[in-house]
Amino acid sequence: MATFDLMILPYAPEALEPVISRETIGFHHGKHLQGYVNNLNAAIAGTPFEGKRLEEIVCTAEGGMLNNAGQILNHNLYFGQFMAPKEGNRPEGALAEAIDAQFGSFEAFQEEFVKKGVGLFGSGWVWLSADEAGTLIITQEANAANPIQKGLIPLLTFDVWEHAYYLDYQNRRPDHLKALWSIVNWEVVASRYGK
Ligand code: MN
């Protein structure tokens, strides 16, 4: 019995072009994420983790179960936070106020976020999260880790595994990360912030 399904993208596979190509979406969502889903479903069968939520598995499992569940959770948040490119795209409301208050400005936040993404050695994810009081924090998480493992609420993430950008940007990780700003759906990110 399959426990988890591949998430359905909230946009067409070419909708994020030219920032993320249809080809990259095809591999990243259709092959990589599908692979994590298949691996977890195979690993989870007949174990006490069957029927648990992804978040619970990510906070309690180990080894391959943890890695595959983490990658599913991370990619669901990642693919779910984008929309068609929109110049001048920026957060509003309480999230924008918190970003300004903590980082000085939206531009200073973007610079710090990209710097942490560029500086992450190897495969992983850069995250904007909030603690229970709404305080924002940028973290680098290696491999399949997710900030919920630290008790944080994940808001926004850029995937810095090479599979996320190599077809479109080759080794130019900084260019890819900077380009992602125009496709962030800040309404989704703000809803995760919940303030
Ligand atoms: Mn990925």
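Each ligand, and each atom within it, is numbered from 1 in the order the structure gives.
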The Mn ion (ligand 1) has as its nearest N, O or S atom from D159 the atom OD2

*State whether the side chain of Q81 and the backbone N or O of T157 hold a donor-acceptor pair below 3.5 Å, judged by distance alone.*
yes

W181 ring center within less than 6.0 Å of F113 ring center
yes

Open item on the list: Using only atom types and a distance under 3.5 Å, with no angle test, would you say the side chain of R173 pairs donor to acceptor with the backbone of V160?
Closed with: yes

So the angle subtended at the Mn ion (ligand 1) by H163 atom NE2 and H28 atom NE2, rounded to 10 degrees, is 100°

task = Kindly check if the number of other-residue, nucleotide or ligand heavy atoms within 6.0 Å of CD (E187) is above 12?
result = no

Would you say H75 has an N, O or S atom lying under 2.8 Å from the Mn ion (ligand 1)?
yes

